[in-house]
Structures are given as C-alpha cells and as structure tokens.
Amino acid sequence: MVGNSSFAGLGNSSFASLTPAPASADEAEPWVRGELIRSLMRASRGSYLLAAALMPAMVGLSWGHVPAWQLIVWLAIGIAATGCRIWGEQLYARHYADRDSAAQQYFVERYRYLWSASGFAWGLSILIFFERTPLVNQFMSWLIVAGVATFPLNGLALHPPLLRRYVNTLFFTMLAAIVLRMIELKFERPHFHYGFLMLPVLHWWLLLRAGRRIHETARNSFELLFHNHILINSLTQQRQAAVSAVAMKNRFLASAAHDMRQPVLALSLYADWLRNEPELVAEIAPKIVRATHAVNALFDSLFDLARIDSGQVRLHIERVEVAQLLHDLELQYRPVAEAKGLTFRMHVTPGTVLTDPIRVRRMIGNLLANATKYTAEGGILLASRQTRDGLRVEVWDTGIGIAREHLRDVFLEFYKVADHAGTSDGFGLGLAIVARLSHALGHPVSVRSRLGRGSVFRVALHDADETQAQTRISGAVG
C-alpha cells in the first residue's frame, strides 16, 4: 500500500531534487543506492492513504455476510498499519531525508517492518471475504487486493529488499489465509475453480520479475546521471584550469617583461653613454657587465621554470651524502656572504638520502642565494638535523624577514612583497623553482619568519621514489 506513482512521474520528481554527487567515481555505488531510497520515499509519500481509502470499500463488500466484529478487527489492523506508515514518513522527513546514503540505508533496514505491517494487513483481508461473500463481491475484493499488491511496485522496486519483504509478507499471509479458509470449509469445492487459486501465485512471481526490471532501469538512470555529473565536473575543472593557466602565463610574461625592462634599458643607456664618451669605458664597462648578468640570470631562471613546467627535466635518483652536498654549497656561497660582511656558519649532521643531487643542490642553493640577498647584517646558518621523519636541511638568516600574510605567496613565480626593502633587484623566481622541485621530489619545504628579524626555510629530505618523482615532474607540476 505504498508508492503508486508511475516511473515517469518518479523521474520528474526525483531527478530534479538529487543530492550533490560526490567527486570520486569510487563513491558512485553508495550514492546511487542512497538516491534510489530517496526516490522511493518521495514516490511513496502519502500514497498509502489511497490504499487506506479502499479499506472501507472492502468492509462494505463484506458487510452483512461476515460478523461485524471481524470486519472491525481487520479494519483496526489496517488503520494501525496506516498509522505506522504515517509515523514512519514523518520520522524520515525529520531525521533522514537530508542525510547521506548510509543514513538512507539505515532507515529502510531499521524500519522495514512498516511495509511488512501493510502487507500483513492486506493479506489478512482474504479471511473476511474468501468463500464468505457473494461471488461478485469476492471478485471485486480480489481486484482490490490485486491493486493494492501492484500499487507499490514502481516505488518499492527502487529498493529490491523492501519490495521482496512487502510482496512476500502479503502473499504468504494471503496463502495462509486461503489454507485456513479451506480447512474451515473442510476442503469443499470452492465457487471458484481450483486453477483460479494459482493466479495469486502467478501475480506474486510477475510482481517480483517486474520489480527487478524497474530497478535495473532506475539504477541505470541514476548511474548515468552520476557519470554525467563526474564528466561535467571534470570538464568544468579542466576549463577552469585552462583559464587559470592562461591567466598565470599572462601574469608570468608581464612580470618577466617588467623585470627585464630595467636591465635592458640600463644596457641601452650605458651603450649610448659609451658611444658618446668612449673615454669613460673603465667606468661604464662594469655596469654593462652587471646589467648583462642580470638579464642572463633572468633568462636562466625562466628556462629552468619552462623546462620543469613542460616536463622536460630528467631526474636521476641516487644515494646522496647530505653533509658533502652542504659543504659543496658552502664553498659556493660563503665567499658571497662574507663579501657582504655576513658570517656564514655550518652545523651538519651526517646522513644520506635518496634524491636527485643536482636538483636538491639547486633548491638549497636558491634558499642560500635568497638569504644572502635579503640579509644586510648578521649572518646565515646552513644546518642539517636528524628528526623522527629523517634528515632536514635548514637555512637561517637574520635578514628583513617576511610578514605572515605573505608567507604562502613567496613561492609563486615573480612574487615580490610590495614596498619590501631589498626586493627590487630580485626576479621572484628562486622560490618558485624551489616549490616545483620540492613537490616533484617529495621534499616538503616550510618557512617561518619574523618581519625585521629573519627567516628559516626547512627542507625535509625524505627518500624519493624515482618513478613517482618523474611522473610528477613530467606532469608539469605547478
């Protein structure tokens, strides 16, 4: 006595009010099950009242032929079953309708007896009319019972265990009632031919068969909707990624052009100056060299980023002595730091790591270059420490520091903190390269800083997996 809406109607009501589909295809099965149950509950909303309205008709067809008390008892059982259905619907609306698929499954499993009560009540109706009322009345009563058995099909078919429970309860009760009446009649020949008694069994089988087909159709529809949702999401994400990539490249090129303009303009001015006053060559030549070095440094960084983003970098993972790698970096950056009047200290813990030595040297070298560039006084500390998670390399400085709100952005290409003293001569590419290589090699980089006091960059050197690292860097990791 539930869910008598057609499948077409079900489509109009349920598909328009789907819950958001999950992003992962692995969650398709739970989502589809949950949506089938939601559709079942929407389809059956209030429909049991139609079946309840047929109960007085059943009583009327048997009135005068069956003791009144028996009719009243059966009617009371039917009203109680209907009351249980009303209570169940309100409970679902209050506590389960808006919850996830697991909650939908829990509801139908915990309260499946509500449908069993309806099937039991209608199965008992056989006792009040079978071989007790005139033949025409019996025929009309059989039609009502057949209709009540068929009404819920389109709704309950969305959850086959519930359909089987309802139909089996109805027909088992019906067959038991027929057997009781035949025992009471001492198996006298009924008004119907014995073959007629096979019709309920046939109807039972047809309902279960039709229910399976309806379920398959509905399930396929929901699965198609789910995969369409995944496809649309994927296309939307790809479009957004493409738009973001274009915007990033535009910003990238605009920033590169802006940063290149100054040294190129300086070269032009120095060349004109030298042409007009060749006797000043000793003074102008070093400036031309510095401007040329600045342009070359920018191009080198741009080429490095381009190679990483295009996946053209070939990694070579091997066992690396971290202490030796840091001492090599010391030889390169100590003279630069001391030329600025900075102290350069080392604190090295022995240890090895599986990684690409060239790329790790580039990562830590970029951090040392930044520390040197943005430190006016004090010093730099290059250290390696053994932690529970493995070796960690740290670069400390007593430089200008970075404000908290800028810490995440410093790893973006061409990002330079506005109005930040000491950043005018940088291109904002060193940390962007560090971020790319960090992700590819699986060496997380973290930073802590205090404005005006200095910064510390930490690189966790976990053993790299060559296949995964190459896959990440070949995928244009950004």
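Residue indices begin at 1 and follow the sequence shown.
- Side-chain contact check for His65 versus Arg132: every heavy-atom pair is 4.5 Å or farther apart.
- Counted within 6.0 Å of CZ on Arg385, heavy atoms from surrounding residues, nucleotides or ligands total more than 12; the atom is thus considered enclosed.
- The shortest side-chain heavy-atom distance between Pro134 and Asn137 falls under the 4.5 Å cut-off.
- Panel note: side chain His443, backbone Ser438; no donor-acceptor pair is recorded below 3.5 Å.
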Report task. Could you walk me through whether Arg219 and Glu216 pass the salt bridge (charged side-chain N to carboxylate O under 4.0 Å, His left out) test, one step at a time? Result -> CA-CA 5 Å; Arg219 184 178 185 83; Glu216 290 172 3; over 6 Å; no

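- Contact record, Ser101 with Pro30: OG-O, 2.8 Å, taken as the closest heavy-atom pair.
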Query raised in the report: Can Met41 and Phe107 be said to form a side-chain contact (heavy atoms from CB on, under 4.5 Å), step by step?
Result: CA-CA 11 Å; Met41 295 304 297; Phe107 174 81; 3.8 Å; yes

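- With Asp397 contributing its side chain and Ser455 its backbone, the two residues share a donor-acceptor pair below 3.5 Å.
- Although no hydrogens or angles enter the test, the distance criterion places a donor-acceptor pair under 3.5 Å between the side chain of Arg181 and the main chain of Phe130.
- Using a 4.5 Å heavy-atom cutoff, the side chains of Asn168 and Leu208 are in contact.
- Within a 6.0 Å sphere centred on CZ of Arg404, other residues, nucleotides and ligands contribute 12 heavy atoms or fewer.
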Requested in this report: Would you sort out whether Val395 and Leu381 count as a side-chain contact (heavy atoms from CB on, under 4.5 Å), showing the intermediate values?
Outcome: CA-CA 6 Å; Val395 177; Leu381 170 65; over 6 Å; no

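- A donor-acceptor contact shorter than 3.5 Å is absent between the side chain of Thr82 and the backbone of Ala52.
- Note that CG of Leu127 and CG of Leu71 are 11.5 Å apart. Values are rounded to the nearest 0.5 Å.
- Between Ile364 and Val434 there is no side-chain heavy-atom pair separated by less than 4.5 Å.
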Query raised in the report: Taking it one step at a time, do Asp463 and Arg319 satisfy salt bridge (charged side-chain N to carboxylate O under 4.0 Å, His left out)?
Result: CA-CA 9 Å; Asp463 282 349; Arg319 181 63 61 179; 3.8 Å; yes

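- Of the possible polar contacts, one joining the Gln104 side chain to the Arg99 backbone as a donor-acceptor pair under 3.5 Å is found.
- Heavy atoms of other residues, nucleotides or ligands lying less than 6.0 angstrom from OH of Tyr92 number more than 12.
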Report task. In sequence, state the C-alpha distance, the side-chain angles, and the governing distance for Leu135 and Phe139, and then conclude on side-chain contact (heavy atoms from CB on, under 4.5 Å). Result -> CA-CA 6 Å; Leu135 193 60; Phe139 180 75; 5.9 Å; no

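- In this structure, Tyr106 and Tyr96 have side chains that are in contact, with non-hydrogen atoms separated by less than 4.5 Å.
- Below 30°, between 30° and 60°, or above 60°: for Trp87 and Tyr111 the angle between ring planes is above 60°, a perpendicular geometry.
- Using a cut-off of 4.0 Å between Lys/Arg side-chain N and Asp/Glu carboxylate O, Glu394 and Arg392 are scored as salt-bridged.
- Taking both residues in full, the closest heavy atoms of Ile317 and Leu354 are given as CG2-C, 4.0 Å, listed atom of the first, atom of the second, then distance.
- Scanning both residues, Leu61 and Ser141, for their nearest heavy atoms gives CD1-OG, 3.6 Å.
- For the residue pair Glu29 and Trp31, no side-chain donor N or O sits within less than 3.5 Å of a side-chain acceptor on the partner.
- With rounding to the nearest 0.5 angstrom, the CD1 atom of Ile86 is 11.5 Å from the CG atom of Leu114.
- Leu451 has its side chain out of reach of Ile402: every pair of non-hydrogen atoms, C-beta onward, lies at least 4.5 Å apart.
- The CD atom of Glu223 lies 12.0 Å from the CG atom of Asn228; values are rounded to the nearest 0.5 Å.
- Defined by atom type and a distance below 3.5 Å, a donor-acceptor pair is missing between the side-chain atoms of His462 and Thr355.
- Annotation: side chain of His159 is in contact with side chain of Gln105 (closest heavy-atom distance under 4.5 Å).
- Using a 4.5 Å heavy-atom cutoff, the side chains of Glu131 and Gln138 are in contact.
- A side-chain donor-acceptor contact under 3.5 Å links Ser384 to the backbone of Thr349.
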Query - Trp204/Phe171 under ring-ring contact (aromatic ring centres under 6.0 Å, His included): CA gap, chis, key distance, verdict - result: CA-CA 7 Å; Trp204 184 0; Phe171 282 94; 5.5 Å; yes

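- Rounded to the nearest 0.5 angstrom, His347 NE2 and Trp396 CH2 are separated by 11.5 Å.
- Summarising the geometry of Ala81 relative to Ala121, their closest heavy-atom pair is CB-CB, 4.3 Å, with the distance given to 0.1 Å.
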Requested in this report: Start with the C-alpha distance between Ser446 and Arg458, add both sets of side-chain angles, then the distance that settles side-chain contact (heavy atoms from CB on, under 4.5 Å), and finish with yes or no.
Outcome: CA-CA 5 Å; Ser446 60; Arg458 295 184 171 93; 3.5 Å; yes

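- Summarising the geometry of Leu40 relative to Leu156, their closest heavy-atom pair is CD1-CA, 4.0 Å, with the distance given to 0.1 Å.
- For the atom pair CG of Leu162 and CG of Leu158, the computed distance is 10.0 Å after rounding to the nearest 0.5 Å.
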**Report entry** From CA spacing to verdict: ring-ring contact (aromatic ring centres under 6.0 Å, His included), Trp142, Phe129
**Finding:** CA-CA 9 Å; Trp142 277 113; Phe129 71 83; 5.5 Å; yes

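- Minimum heavy-atom separation, Ile144 to Ala57: CD1-CB, 4.3 Å.
- Atom-to-atom distance recorded for Leu124:CG and Ile77:CD1 is 5.5 Å, nearest 0.5 angstrom.
- Side-chain atoms of Thr352 do not come within 3.5 Å of backbone N or O of Val320 as any donor-acceptor pair.
- Between the side chains of Ser116 and Arg165, a donor-acceptor pair is found at a separation under 3.5 Å.
- Aromatic pair Trp122/Trp74: centroids less than 6.0 angstrom apart.
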